Structure formats: structure tokens, C-alpha cells
There are 2 protein chains.
Amino acid sequence: MTQQQREALDAIFRNGPLDIGGDPAAQREVFTGMLTSRPLPDDVILTPSVIGGVPVLEIGIDGVDPVGTLVWFHGGFYVLGSPRTSAALASDVARRTGMKVISVDYRLAPEHPYPAALDDAVAVYRAILAAAEGRDLGRLAVVGESAGAGLAAALLIAARDQGLAMPAAGVLFSPYADLTLSGDSMKTKAGVDPSFTAEAIARRAADYVGGADPADPLISPVFADLHGLPPLLIQVGTHELLLEDAIRLADRAAAADVAVSLEVTPGVPHLFQAFAAMLDEGDAALVRVTDFLATAFAQNAS
Amino acid sequence: MTQQQREALDAIFRNGPLDIGGDPAAQREVFTGMLTSRPLPDDVILTPSVIGGVPVLEIGIDGVDPVGTLVWFHGGFYVLGSPRTSAALASDVARRTGMKVISVDYRLAPEHPYPAALDDAVAVYRAILAAAEGRDLGRLAVVGESAGAGLAAALLIAARDQGLAMPAAGVLFSPYADLTLSGDSMKTKAGVDPSFTAEAIARRAADYVGGADPADPLISPVFADLHGLPPLLIQVGTHELLLEDAIRLADRAAAADVAVSLEVTPGVPHLFQAFAAMLDEGDAALVRVTDFLATAFAQNAS
């Protein structure tokens, strides 16, 4: 059965209209259309807000008193997407964990290249820490998808360097964490990845990097020293150009004495967790996210 | 609290009498003494037997009707150890999972270099498959510690190449999977690893490799094509010379579309799971082993 599910998902991506290497304005519309075409469940509550001077979308479930906060970073190669385009997955995780999501509407390239997105991430994180005044920090985690996962990793590095308190955990879905595009899987998974090409990603990487060094650890955390980061859960599919980004990030975390779990799911594409409703592997991955966060919060509390 | 536990464990290794680079006969006695000094729980039943012409030790829990079989491979760099030296950990896992352990008493180097250990592993595995006649294969897994984890990986590769049925899963504790000793952690974790030195490991690697090529994928599975292997759980501590063996094995599995979970626990040494009774991280790791096996068996049954 799951073989059929995987094939159906593959076809959705292969036949889809998205060309992430295309004109940003046009592709933003396509991306938003694809990811918001299904209505969210009726009990999902979206509340636009501003935290630390940065627009955010708070995502909660009606009737649920949240037990903690997930600071969320959407995907889209730093050029596409918004909190709304990842609200389906974010609200699914909010429901499973009983937590509130604060999804950051960070500025996008090419209009706003690095470090705009990271500056926004740090501003929101600082404001959340300040508002908490030390309370409930045990139930704070950062979560990112794709470029948002790279951004979440960069946020943790920047926060550590600035002497800020760490959250209890980080969850990185299919991180885009090497904007030099040097991972072997950029070649070995060409054609296997139903969503992207290396050429398209290279165009978007240039948009974000701008005049900076693409190997800067805050742009490409696979080159960072990760000492002091909280426990990380990294999930990735094997049908991904970005497979090696995930593995090298786990490698760097391990080398730096960081608790890291790397979960590789075979035969599934980028951000397969967003398709948990139609894909057994997606559901299983989110079960593990829930378990991981529960364990991290319990350890932090003890 | 766990910081104290980790320091106590580190001191046990640093101050211990084992020198795995020393004379094999003498170190076998030391190794056995260290690992069998604590009595096993009274309800652990050890039953020596022979399967496929190879001596094994069956390990079960009194009163437990086993729900499946773990084919177990002890550690000791292919030179030291026996099913008895890993019976404490094996019986702990048997208890947690409700499964029976068949621990293989494979031949040791230098008296019996490669491929003797692998031949023994394959002979036992073939005999278990034959005895099952297709029954209960869904509840069969292979487990290995250290060199035994490298051997378990080699067994899976050899079994695949010989067209044998795969077990439902593989669990690899701190795999020793690169006998060329080329992992970065052989240098970066020197001194951090309280148990071993690269020089000592090199002596034992030469014993096992004999006249063969240390980069042979059946000696060093980090160089193998892992296509077709069952889901793997790989656990490792960051205070290990062998850290990169685990990471590269996970990398190879991912590249080959194998389901793999890599769990890196910071600040703990080689085979910390054997100290679950005194180390929170060891207990947590074994909880995840139990969950992983339950999931793998459930998927196999569906």
C-alpha cells in the first residue's frame, strides 16, 4: 500500500506546475496555490501578529490550551513561501503536540538577501525569550522545513554566539543547509528527486547569498561548529537532492557533542511529512517528532 | 545527575585494566573478567547450543514466551569476547523486547582471520531461516555491538548477495565498520574516547584482516553498497573513536534507499547501552531500541 502512496506523491510533484528556478513573483503564486489549495481543518486558528518587530502567524487549535511553543520557519528556498504555505504541516504538528506555533514571516530574497531572514529570526527569538522572562523555556523548540530548517539551524548558532538561552530542542525537516550545493546527493539524486533540479536551486541560492560567502556557516550550517546546540531531530527522505545536507548536518552535530537523531525514510521526497494524511511514512515521521519533543521537554524539566 | 553518571562511567574505562592492543590471550581474560564480574539476574537463562554447525548461546528470560528472535553478535574487535561477555546487555534487550537472543560464538582472530567470523554468521543465519521454514520471519532481527555490529552489517550484505531473506531489522550499537581506520574521529576523538587508542585498534584490525583487503566491503561495510538492507537503527556516543564509522554507515544506508535511524548521544563512550542500569542515556537508548523493533515488526506484519 505505501508503495502506491509513494508513487502517487511522486507524480504530484513531477506533474506539478512549480518551477522553483523560475521567476520569483510568478513562482510565489504557484507555490502558494499548491500549498493552500486544501482548506485547513475548521478548528485551526490563524492569528497574524507582530513579535520583535517581525510579522508572524500564530497557529493554534481551537479548544487546546497550548503546553509550549514551537517557533516555526517555513520553506521555499528563502525566496518563496510564507507562514500560510506551511500552515497545514504546522497545524498538524501543533495538534499532535498540543503546542502553539509561532510561524515567522521572515523577509525573502532576492529583495532581501542574507542576513535579512536570519535577522528576523533572531529578532523574534529574542522577543520570545524576553516575554517568557525565564518562564516555560523548557517547552520552547524551533522547527524548520527546508530553507526554514537551515534558517532554524542558523538561528541556533547565532543565538548561541550571542549568549542567548537555547530552546529545549530543534526539529529540522529536510534541511537546506549547504548553499554551496556541494553535497553528493545534488548529483546522485538528480532525476530521483521529483521536485527540484540542481540548476533551479542554484538560482535561488544566488538570490539569498547575494554578495556574501555561500560557505558562511550562518548561510550553510553544514560548515558550522555546532557546539552548544540543543538536541536535534533531523528527518529526510532518500529521494532528495538535499539528502546529504541532512546527513552532513547530523555529522557536524555529532562531532560537536550535540545530541542528534537522524531519521532517513526511503523512497519519499522533500517534506514528505506534509503529506502525512496520504502517506504512512509521513504519519510515522510525525509520530516520532511528537515523541522526540516530549522526551526533550521531559529532559529539560528534570 | 547524568553528568555525574557520565563521569563515573568515563573513569571506569580510563582506570580499567583492559588494553585491547595487548596480547590477545591475556586481554581475553581481562575482557571476560570485566564484563562478567557482575552476576546476571537470576531469571536469565543461558543455554549453549549449536546452530548451523556453529556454537551459540541462547539467552532468554525465565517465564517469558519469546515473541521473536534476535541474532546477536558480541563485540571485542574480532579478537576478544564471547556471547557470555555480552550476555548482560543481550539479556537486558531480551527482557525489554520479550524476544529470545541467539548469540553467535563466532571464531576469533588472529587464530581465525576474515572470513571465519562472517562464515560463521552466515551459517547460523542460514540455519535459522531454514528452521523457520518461512514462519515468524517477521520477528527476526540482527543485533551487533562494536565489531559484532560490523559483522551484523556484513552478514546482511552477504545474505542479500546470496539471495537469502532479510530479517525485519538490524540494530547496530557503536559499529566498528571501517578497518582501514580512516574516520576523522579516529583522530578528533583521541583522548576523548576513554576506552581505546587508534594504535590498539590498528593492531586488532590487522589480526582480523589477515591477508585480505581492509577496504573489502564485507570487512568494512562503510564501503559497501547497502541496497536492499532492512531498516537499521544505529546508535553511537560522541566520545568514541568509532563515531564516524556509525555516521558513514548511516550515510551509505541513506544513499542506498535504506530506512535508517542514526542516534547520537553526547558525552558517552563506546557501548554506553551496556551501562543502562547506571546511566540515564543508556536506558533511554534501549527504550528506543525497543520502540524501533516494535515498529519494524509491525511494518513487516502489515
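Source: prediction; values computed, not measured. To find a chain, count down the sequence lines: A is the first, B the second, and so on, and within it residues start at 1. Just so it is clear, the values below take in all heavy atoms, side chains as well, and ignore hydrogens, waters and symmetry mates.
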Query - Which portion of A/Val258 sits near chain B, non-hydrogen atoms under 4.5 angstrom - result: backbone

Report summary line: So, the part of A/Glu244 with a heavy atom under 4.5 Å from chain B: the answer is side chain

Report summary line: Residue from A/Ala250, A/Ala256, A/Gly267, A/Ala255 scoring the most non-hydrogen pairs under 4.5 Å with chain B is A/Ala255

Query raised in the report: Using a cut-off of under 4.5 Å for heavy-atom pairs, which of A/Leu243, A/Thr265, A/Leu233, A/Asp291 has the most such pairs with chain B?
Result: A/Leu243

Query - Salt bridge present between A/Arg288 and A/Glu263 (N-O < 4.0 angstrom) - result: yes

Query raised in the report: With sequence neighbours excluded, what pairs up with B/Phe275 under the ring pair (Phe, Tyr, Trp, His ring centres under 6.0 Å) test?
Result: B/Phe13

Report task. Give the minimum heavy-atom separation between A/Thr97 and A/Val67, together with the two atoms involved. Result -> O-CG2, 3.7 Å

**Report entry** Which atom of A/Leu262 lies closest to which atom of A/Ala246, heavy atoms considered
**Finding:** CD1-O, 4.0 Å

